[in-house]
*Asks:* 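Okay, here's the structure, questions in a sec.
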Amino acid sequence: MAEKIDAHHHLWRYSPEEYGWIDDEMTALRRDFLPQDLVREIAAAGIDGTVAVQARQTMDETRWLLKMADECEAIRGVVGWAPIAGEEFPGVMEEFEFRPKLKGLRHVIQGEKDENYILREDFNSGIRTLLGSGLVYDILIYERQLPQAIEFVDGHPQQVFVLDHMAKPLIREGLLEPWAARMRELGKRENVWCKVSGLVTEADWKTWTPESLRPYLDVVVEAFGPGRLMAGSDWPVCLVGCEYGHWFDGLRTYFAGFSETERDAVFGGTATAVYGLE
C-alpha cells in the first residue's frame, strides 16, 4: 500500500507585511504555522508525509522551507520559488544542487498583472533550463488563465508539470464552463498532473457541501484519470473553510467507490512518483 501523502501545504512565520493577501476575512491564518503544527494535523488524519509549497516569492523562503524539511522527517519534499524569469536563474539554482528535498519550483502566476506572464520569453527560457534537473514545475493560475497555461505546456512537452488547485474553478458562482472544457483539453497533455486541493477556498466558506464540489471533482477525474491526480490539503489556507482532517475525510468519501489501486495513486502514489519522494 502506498504511503499517504499530502501533496500541497504551506508553512509560515506570519507577518502582516509579508502576507498581505491574508485579509480581514482570513483572521484564522494570521499566526505562525510551523512543522510541529503540521505533524499534529497529519497524524490525526492518517497522512504519512507531505510536500511543502512556497507562499512567498523569495529565495529566503525556499531556503527556510528546505531547512524545515531537513529537520522534519514528515516533509518529504519542497516546491520552492526561484527567479525563473531572471537572467541569473541558472546560476542561482546551483545553490540547490545538493539539496535533495527540493522537488520543484512555483511562481505565483495568478498574482501577476500581466495575464500572459506565463507566455513571456524570459519566463519560458527559465523553464527550458529546468530540463534534466529532475525538478517539477507547479502551475498556479486562475481558471481564466487556462488557455495561456495550455499554450505554455505545449511549449515544453518534456517538462513535468503539476496544476495546483484544479486551476481554481468558480465554485462559489456555481460555474463549470468554460473551465471544464479547458480542463479536458489540458488533461490531454500527458506531462501534466493535477492536484485535488484548494477547492473549499474557491467555494463559499460557510455554506459549501461535498455535493457542491462533486461536479468539479467529476471533471478532473474525467480529464486526467485518477492516476494523474494527487490529493493535497492546501493547509493552512483551507482553514477558512474546513479543518485539515475534514478535507481528507471528504476526499476519501468521494473516492470510496474507486479501485484500491486508484485510491493509492490519488492519496500518495502519484505524488511520490511525480515528485520523486523518499
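Quick caveat, the model's predicted, so the values are computed rather than measured.
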*Asks:* What's the spacing between T62 OG1 and R99 CZ if we round to 0.5 Å?
*Replies:*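 Answer rounded to 0.5 Å: 10.5 Å.
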*Asks:* Is it the case that over 12 heavy atoms from other parts of the model lie below 6.0 angstrom from the CD atom of E88?
*Replies:*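 Yes, CD of E88 has more than 12 neighbouring heavy atoms, counting only those of other groups under 6.0 Å.
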*Asks:* Mark yes when over 12 heavy atoms from residues, nucleotides or ligands other than E177 sit less than 6.0 Å from its CD; otherwise mark no.
*Replies:*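 Yes, enclosed.
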*Asks:* Check for me whether the distance between the ring centres of F152 and F161 falls short of 6.0 Å.
*Replies:*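 Judged by ring-centre distance (under 6.0 Å), F152 and F161 do meet the cut-off.
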*Asks:* Under 4.0 Å between a side-chain nitrogen and a carboxylate oxygen: does that hold for R76 and E3?
*Replies:*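 Looking at E3 together with R76, the answer is yes, because their closest N to O distance falls below 4.0 Å.
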*Asks:* Consider only side-chain heavy atoms of I, L, V, M, F, W and Y, link residues closer than 4.5 Å, and tell whether Y137 and I150 are in one cluster.
*Replies:*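 Same cluster.
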*Asks:* Dump the intermediate steps for side chain to side chain contact (heavy atoms under 4.5 Å, CB included) on Y14 and I22, then the final yes or no.
*Replies:* CA-CA 10 Å; Y14 176 72; I22 301 178; 3.9 Å; yes
*Asks:* Checking K103 side chain against V79 main chain: does a donor-acceptor pair fall under 3.5 Å?
*Replies:*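 Flag not set: sc K103 to bb V79 has no pair under 3.5 Å.
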*Asks:* Strictly distance-based, threshold 3.5 Å: is any side-chain N or O of E71 a donor or acceptor partner for the main-chain N or O of M68?
*Replies:*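 Pair absent, no side-chain N/O of E71 close to backbone of M68.
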*Asks:* State plainly whether the residues K168 and E143 are in salt-bridge range, i.e. N to O under 4.0 Å.
*Replies:*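 No.
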*Asks:* Below 4.5 Å, heavy atoms only, C-beta onward: do F33 and R31 meet side chain to side chain?
*Replies:*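 A side-chain contact exists here, since the closest heavy-atom pair is under 4.5 Å.
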*Asks:* If I compare all heavy atoms of A55 with all of H10, which pair ends up nearest, and what's the gap?
*Replies:*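 Closest heavy-atom pair between A55 and H10: CB-ND1, 4.1 Å.
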*Asks:* Does Q159 offer a backbone N or O that forms a donor-acceptor pair with the side chain of N191 under 3.5 Å?
*Replies:*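 Here the side-chain-to-backbone pair exists.
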*Asks:* Flag the pair L176 / V219 as yes when at least one side-chain heavy-atom distance between them is below 4.5 Å, and no otherwise.
*Replies:*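 A side-chain contact exists here, since the closest heavy-atom pair is under 4.5 Å.
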*Asks:* Side chains of L229 and T270: does their closest heavy-atom pair fall under 4.5 Å?
*Replies:*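 The answer is no; the side chains never approach within 4.5 Å.
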*Asks:* Going by atom types only, do E18 and S15 share a side-chain donor-acceptor pair under 3.5 Å?
*Replies:*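 The criterion, which ignores hydrogens and geometry beyond distance, is satisfied for S15 and E18.
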*Asks:* Tell me whether Q57 at atom CD has more than 12 heavy atoms from other residues, nucleotides or ligands lying less than 6.0 Å away.
*Replies:*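 Yes, CD of Q57 has more than 12 neighbouring heavy atoms, counting only those of other groups under 6.0 Å.
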*Asks:* Can we say E202 and R172 salt-bridge, meaning some charged N sits less than 4.0 Å from an Asp/Glu carboxylate O?
*Replies:*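 Judged by the 4.0 Å cut-off on N to carboxylate O distance, E202 and R172 do not form a salt bridge.
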*Asks:* Look at the side-chain heavy atoms of Ile, Leu, Val, Met, Phe, Trp and Tyr, link any pair under 4.5 Å apart, and say whether L38 and L251 land in one connected group.
*Replies:*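 Cluster IDs for L38 and L251 match.
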*Asks:* Using modelled atom types only, decide if a donor and an acceptor are shared between the side chain of D204 and the backbone of T207 within a distance under 3.5 Å.
*Replies:*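 Present.
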*Asks:* In plain terms, say whether K67 and D70 are close enough for a salt bridge, that is, a side-chain N and a carboxylate O under 4.0 Å apart.
*Replies:*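 The answer is no: the pair does not qualify as a salt bridge.
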*Asks:* Do D48 and K4 meet the salt-bridge criterion of a basic N to acidic O distance under 4.0 Å?
*Replies:*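 No salt bridge links K4 with D48.
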*Asks:* Using a 4.5 Å cut-off on heavy atoms from C-beta on, say whether the side chain of K195 contacts that of M166.
*Replies:*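 They are not in contact (no side-chain heavy atoms under 4.5 Å apart), so the answer is no.
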*Asks:* Could you measure the distance from the CD atom of Q54 to the CG atom of D138? Nearest 0.5 Å is fine.
*Replies:*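 Separation between the atoms: 9.0 Å.
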*Asks:* Counting N and O atoms only, with roles assigned by atom type, does the side chain of R182 sit under 3.5 Å from a partner on the main chain of P147, one being a donor and the other an acceptor?
*Replies:*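 No; zero donor-acceptor contacts below 3.5 Å.
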*Asks:* Test side chain to side chain contact (heavy atoms under 4.5 Å, CB included) on D37 and W235; report intermediate values, then the result.
*Replies:* CA-CA 11 Å; D37 306 304; W235 178 89; 3.9 Å; yes
*Asks:* Would you compute the distance between atom CD1 of I141 and atom CD of E112 and round it to the nearest 0.5 angstrom?
*Replies:*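 Between I141 CD1 and E112 CD, I get 13.5 Å after rounding to 0.5 Å.
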*Asks:* Please confirm whether the backbone N or O of R56 pairs with a side-chain atom of E61, one donor and one acceptor, at under 3.5 Å?
*Replies:*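 Judged by distance alone, yes, a pair lies under 3.5 Å.
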*Asks:* With a 6.0 Å cut-off (strictly less than), is the heavy-atom count around CD of Q36, excluding the residue itself, greater than 12?
*Replies:*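 Enclosed.
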*Asks:* Is W247 reaching over with its side chain to a backbone N or O of G232, donor-acceptor style, under 3.5 angstrom?
*Replies:*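 Yes, the answer is positive, given that a donor and an acceptor are paired below the 3.5 Å cut-off.
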*Asks:* Treat each ILVMFWY residue as a node, draw an edge where side-chain heavy atoms are under 4.5 Å apart, and state whether F123 and L135 are in one component.
*Replies:*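 In one cluster: yes.
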*Asks:* Do the side chains of R252 and F267 get nearer than 4.5 Å, heavy atoms only?
*Replies:*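 In contact.
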*Asks:* Work out which heavy atom in L277 is nearest to a heavy atom in V51; give both atom names and the distance.
*Replies:*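 Heavy atoms of L277 and V51 come nearest at CD1-CG2, 3.9 Å.
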*Asks:* Over all heavy atoms of both residues, which pair between P83 and M59 is shortest? Give the atoms and the distance, please.
*Replies:*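 Shortest heavy-atom contact: CD-SD, 3.8 Å.
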*Asks:* For the residue pair W12 and Y19, is the inter-centroid distance of their aromatic rings smaller than 6.0 Å?
*Replies:*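 Centroid distance W12-Y19: below 6.0 Å, so yes.
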*Asks:* Could you grab the distance from atom CG of L199 to atom OG of S212, nearest 0.5 Å is fine?
*Replies:*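 Those atoms lie 9.0 Å apart.
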*Asks:* What I'd like to find out is whether the side chain of L11 reaches to under 4.5 Å of the side chain of L65, using heavy atoms alone.
*Replies:*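 Side chain of L11 against side chain of L65, heavy atoms only: contact under 4.5 Å found.
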*Asks:* How about CD on E73, more than 12 heavy atoms from neighbouring residues, nucleotides or ligands closer than 6.0 Å, or not?
*Replies:*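 Count not over threshold, so no.
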*Asks:* Where do I75 and P35 come nearest, in terms of heavy atoms and distance?
*Replies:*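 Between these two residues, the closest heavy atoms are CD1-CG, 4.4 Å.
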*Asks:* If you measure from CD on E41 to CZ on F248, what distance do you get to the nearest 0.5 Å?
*Replies:*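 If we round to the nearest 0.5 Å, E41:CD and F248:CZ are 10.5 Å apart.
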*Asks:* If you count heavy atoms of other groups shown closer than 6.0 angstrom to CD of Q158, is the number above 12?
*Replies:*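 Result for CD/Q158: open.
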*Asks:* Nearest heavy-atom pair of M183 and A167: which atoms, and what distance?
*Replies:*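 Taking M183 first and A167 second, the nearest heavy atoms are SD-CB, 4.1 Å.
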*Asks:* Decide whether L146 and L140 are clustered together by the hydrophobic rule: side chain heavy atoms of Ile, Leu, Val, Met, Phe, Trp, Tyr closer than 4.5 Å, transitively.
*Replies:*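 No, L146 and L140 fall in different hydrophobic clusters.
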*Asks:* Show the nearest heavy-atom pair for residues T50 and I42, with the distance to one decimal.
*Replies:*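 Distance-wise, the nearest heavy atoms are CG2-CG2, 3.9 Å.
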*Asks:* Kindly say whether S259 contributes a backbone atom to a donor-acceptor pair with the side chain of E262 at under 3.5 angstrom?
*Replies:*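 Yes, because the side chain of E262 sits within donor-acceptor range (under 3.5 Å) of the backbone of S259.
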*Asks:* Count I, L, V, M, F, W, Y as connected when their side-chain heavy atoms are under 4.5 Å apart, and connections chain through other members. Are L131 and W193 then in the same cluster?
*Replies:*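 No: no chain of side-chain contacts under 4.5 Å links L131 to W193.
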*Asks:* List the steps and the verdict of side chain to side chain contact (heavy atoms under 4.5 Å, CB included) for Y254 and V221.
*Replies:* CA-CA 11 Å; Y254 175 84; V221 169; 3.7 Å; yes
*Asks:* Taking the six-membered ring where the residue is Trp, are the ring centres of Y244 and H9 under 6.0 Å apart?
*Replies:*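 No, too far apart.
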*Asks:* Look at the side chain of R228 and the backbone N and O of V192, then say whether any donor-acceptor pair between them is shorter than 3.5 Å.
*Replies:*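 Between the backbone of V192 and the side chain of R228 there is a qualifying donor-acceptor contact (under 3.5 Å).
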*Asks:* Whether R144 and E115 form a salt bridge (side-chain N of Lys/Arg under 4.0 Å from carboxylate O of Asp/Glu) is what I want to check.
*Replies:*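 Yes.
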*Asks:* Is it true that D154 and R189 make a salt bridge, defined as a side-chain N closer than 4.0 Å to a carboxylate O?
*Replies:*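 Between R189 and D154 there is a salt bridge, with a charged N closer than 4.0 Å to a carboxylate O.
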*Asks:* Can R214 be said to sit on top of Y216's aromatic six-ring, NZ or CZ under 6.0 Å from centre and within 45° of the ring axis?
*Replies:*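 The answer is no, since R214 fails at least one limit relative to Y216.
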*Asks:* Please check this pair: side chain of S125 against backbone of D122, looking for a donor-acceptor N/O pair closer than 3.5 Å.
*Replies:*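 Side chain of S125 to backbone of D122, a donor-acceptor pair under 3.5 Å: no, none is there.
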*Asks:* For a 4.5 angstrom cut-off between non-hydrogen side-chain atoms, does N124 reach R128?
*Replies:*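 Yes; the side chains approach each other to less than 4.5 Å.
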*Asks:* Could you tell me if the side chain of V108 sits less than 4.5 Å from the side chain of W81, heavy atoms only?
*Replies:*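 W81 does not reach V108 side chain to side chain.
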*Asks:* Using the side chain to side chain contact (heavy atoms under 4.5 Å, CB included) rule, take L163 and L186 through it: C-alpha gap first, then chi angles, then the decisive distance, then the call.
*Replies:* CA-CA 10 Å; L163 178 67; L186 181 59; 3.8 Å; yes
*Asks:* Is it the case that the ring center of H246 lies less than 6.0 angstrom away from the ring center of W208?
*Replies:*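 Between H246 and W208, which both carry aromatic rings, the centre distance is below 6.0 Å.
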*Asks:* With a sphere of 6.0 Å drawn around CD of E243, does it hold more than 12 non-hydrogen atoms of other residues, nucleotides or ligands?
*Replies:*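 No, not enclosed.
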*Asks:* Hey, could you give me the CZ/CD distance between F89 and E87, rounded to the nearest 0.5 Å?
*Replies:*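 Between atom CZ of F89 and atom CD of E87 there are 13.5 Å.
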*Asks:* Would you check, one step at a time, whether the test side-chain hydrogen bond (donor to acceptor under 3.5 Å, both in side chains) holds for D234 with S197?
*Replies:* CA-CA 6 Å; D234 198 27; S197 59; over 6 Å; no
